[in-house]
Amino acid sequence: MKERFAKLLLGEDMSGSGKGVCTAVTISNAITNLYATVFGHNLRLEPLNPEKKAMWKREMDCLLSVCEYIVEFIPSRSQNLPNGTAIEVMEGRPRSDIYINLPALKKLDALLLEILDAFQDTEFWYAEQGSMSSKSRAGSFRKIVVHRKEEKWWLPVPCVPQDGLTEKSRKHLRNKRDCANQIHKAAMSINSSILYEMEIPETYMASLPKSGKACLGDSIYRYMCITDKFSPDNLLDCLNITSEHEALELADRIEASMYTWRRKACMSHSKSSWDMVKDLMSDIDSYDKNHVLALRAESLLFCLKQRYPELSQTSLDTCKIQYNRDVGQAILESYSRVLEGLAFNIVAWIEDVLDVDRSMRNQDQ
């Protein structure tokens, strides 16, 4: 552990030459790498290996302990001095974002491990892709072949008895799926709020085009400029997005246009000197138009992320994480991100088992 903390303090540069990355990025990478080490090969609904579970808890406790020293001072009580002057005595407390979000993330972490622990003895089992799997159930051997979808070829194949799962097991799976789904939403909400609060790097703002229209293209821009009531859902329906890659590319373009219009709105609104009085009305019109377009782009981005909740981080999110210097935000962002990923995986694994169970029961009918 001393070695790990030394590496963090040196910014992953063990030579000590001062060429390492900043502490915030180092800790963010450490949490991401720890998650990959512990959960990277865990592709089944089964309890986590005890050694890996102990490793996860031990090393996360060390990484999160940094937050104990990120504090803000708040008034704790009033006190009167001998001369009659009233003063407020201040005390240190974890910074508000850490005070609110870190206990919630620890709770979500514990709940996810509990969900995995709940799959100790199961009626389903796993086989390798395309293989014939056999397993003893109540003194009899049942053999089935399950075909894995092409997009999940690397995952082990869930198998169930020939007559499907019992109602009790099916109910247990659905309950854990709903719990994991709620945890996924909570972690995603925390991650989004932390990313929103991070400062936008100057490099990102400098890379924005001069026109929001150039980001989105003529057809989307024309739809967003219509005077009637703007409907982001209708626009997304017209775009006919066929893959997550297309959705992520569109999210990047929408986000870039949103900040382009926001920047232009601020620049236009700032023109208020006396020698620009003759242009004041046109400036206000320009401000209003850019402001409306920015709001519409924001609503469009929100609807797109709702339709694709598993969407990867946008270019702006990646840029924020890369250039972030706030250690507290780095810890909260990376912790919520890995928990979001684990919860999403658990939901997907449960869905796979329920899909196989549904297929087996349909075959018997």
Side-chain angles (χ1 to χ4, degrees), residues 31-32 35-36 38-49 52-53 56 101 104-127 129 146-160 164-193 195 241 243-245 247-248 251 302-313 317 333-361:
I31 293 176
T32 304
Y35 172 80
V38 174
F39 295 98
H41 298 288
N42 189 44
L43 304 175
R44 308 179 182 208
L45 285 173
E46 60 186 11
L48 191 62
N49 181 289
K52 287 190 173 182
K53 182 188 288 188
W56 172 255
N101 292 311
L105 290 173
K106 287 182 177 180
K107 181 63 176 178
L108 297 180
D109 187 348
L111 289 173
L112 287 173
L113 293 180
E114 285 180 13
I115 290 176
L116 290 177
D117 288 339
F119 293 101
Q120 181 71 47
D121 297 312
T122 61
E123 295 179 2
F124 59 89
W125 65 100
Y126 289 91
Q129 163 63 28
V146 180
H147 298 286
R148 166 67 64 192
K149 294 179 181 178
E150 289 298 325
E151 66 269 19
K152 296 183 178 180
W153 59 267
W154 68 91
L155 293 177
V157 182
C159 307
V160 300
L165 301 171
T166 63
E167 186 59 34
K168 180 181 178 181
S169 180
R170 202 174 296 123
K171 185 177 180 180
H172 178 259
L173 280 164
R174 288 170 179 164
N175 177 262
K176 296 304 178 184
R177 177 196 60 189
D178 293 342
C179 291
N181 196 37
Q182 292 302 314
I183 293 171
H184 175 258
K185 290 180 180 179
M188 184 167 59
S189 175
I190 293 174
N191 186 262
S192 298
S193 66
L195 282 171
I241 302 169
S243 67
E244 183 181 337
H245 176 74
L248 181 60
F302 178 78
C303 289
L304 180 63
K305 289 185 175 181
Q306 279 192 319
R307 291 197 181 191
Y308 296 88
E310 72 282 6
L311 203 64
S312 303
Q313 290 172 331
D317 294 338
E333 188 283 323
S334 55
Y335 195 14
S336 59
R337 172 162 38 87
V338 298
L339 294 181
E340 178 187 337
L342 178 58
F344 179 83
N345 287 339
I346 291 175
V347 172
W349 298 337
I350 294 176
E351 289 287 0
D352 284 346
V353 176
L354 291 174
D355 284 344
V356 173
D357 173 61
R358 197 176 299 111
S359 299
M360 292 300 296
R361 286 187 289 115

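The chain is numbered in sequence order, starting from 1.
Between K176 and L45 there is no side-chain heavy-atom pair separated by less than 4.5 Å. Between L105 and I190, the closest side-chain pair of non-hydrogen atoms falls below 4.5 Å. The side-chain heavy atoms of F124 and L173, taken from C-beta on, include a pair separated by under 4.5 Å. Looking at I346 and I183, their side chains never come closer than 4.5 Å, going by heavy atoms from C-beta outward. Within the 4.5 Å cutoff, the side chain of I241 has heavy atoms near those of the Y308 side chain. The shortest side-chain heavy-atom distance between R170 and R361 falls under the 4.5 Å cut-off.
Taking 4.0 Å as the cut-off between side-chain N and carboxylate O, R337 and E340 do not count as a salt-bridged pair. Salt bridge absent: K106 and D109 never bring a charged side-chain N and a carboxylate O closer than 4.0 Å. Under 4.0 Å is where a charged nitrogen must lie from a carboxylate oxygen, and between R174 and D178 no such pair does.
Between A343 and A180, the shortest heavy-atom distance links the atoms CB-O, 3.7 Å. Closest non-hydrogen pair, A247 versus L304, comes out as O-CD2, 3.5 Å.
In this structure, the separation between OG on S334 and CG on L339 is 9.5 Å, given to the nearest 0.5 Å. The structure places CE of M188 at 12.0 Å from CG of L195, a figure rounded to the nearest 0.5 Å. Considering CG of L43 and CG of D352, their distance stands at 11.0 Å, rounded to 0.5 Å. The structure places CG of N42 at 8.0 Å from CG of L342, a figure rounded to the nearest 0.5 Å.
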Review item, side-chain donor-acceptor pairs of residues 110-121, under 3.5 Å, at least two apart:
residue: D117; atom: OD1; partner: K53; partner atom: NZ; Å: 3.1
residue: D117; atom: OD2; partner: K53; partner atom: NZ; Å: 2.9

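Of the N and O atoms on the side chains of N101 and Y335, not one donor lies less than 3.5 Å from an acceptor on the other residue.
Residues passing the side chain to side chain donor-acceptor pair (under 3.5 Å) test with Q313 are E333, sequence neighbours excluded. Residues satisfying the salt bridge (charged side-chain N to carboxylate O under 4.0 Å, His left out) criterion with D317, sequence neighbours excluded, are absent altogether.
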Item to check | side-chain contact (heavy atoms from CB on, under 4.5 Å) evaluation trace for K52 with W56 | outcome: CA-CA 6 Å; K52 287 190 173 182; W56 172 255; over 6 Å; no
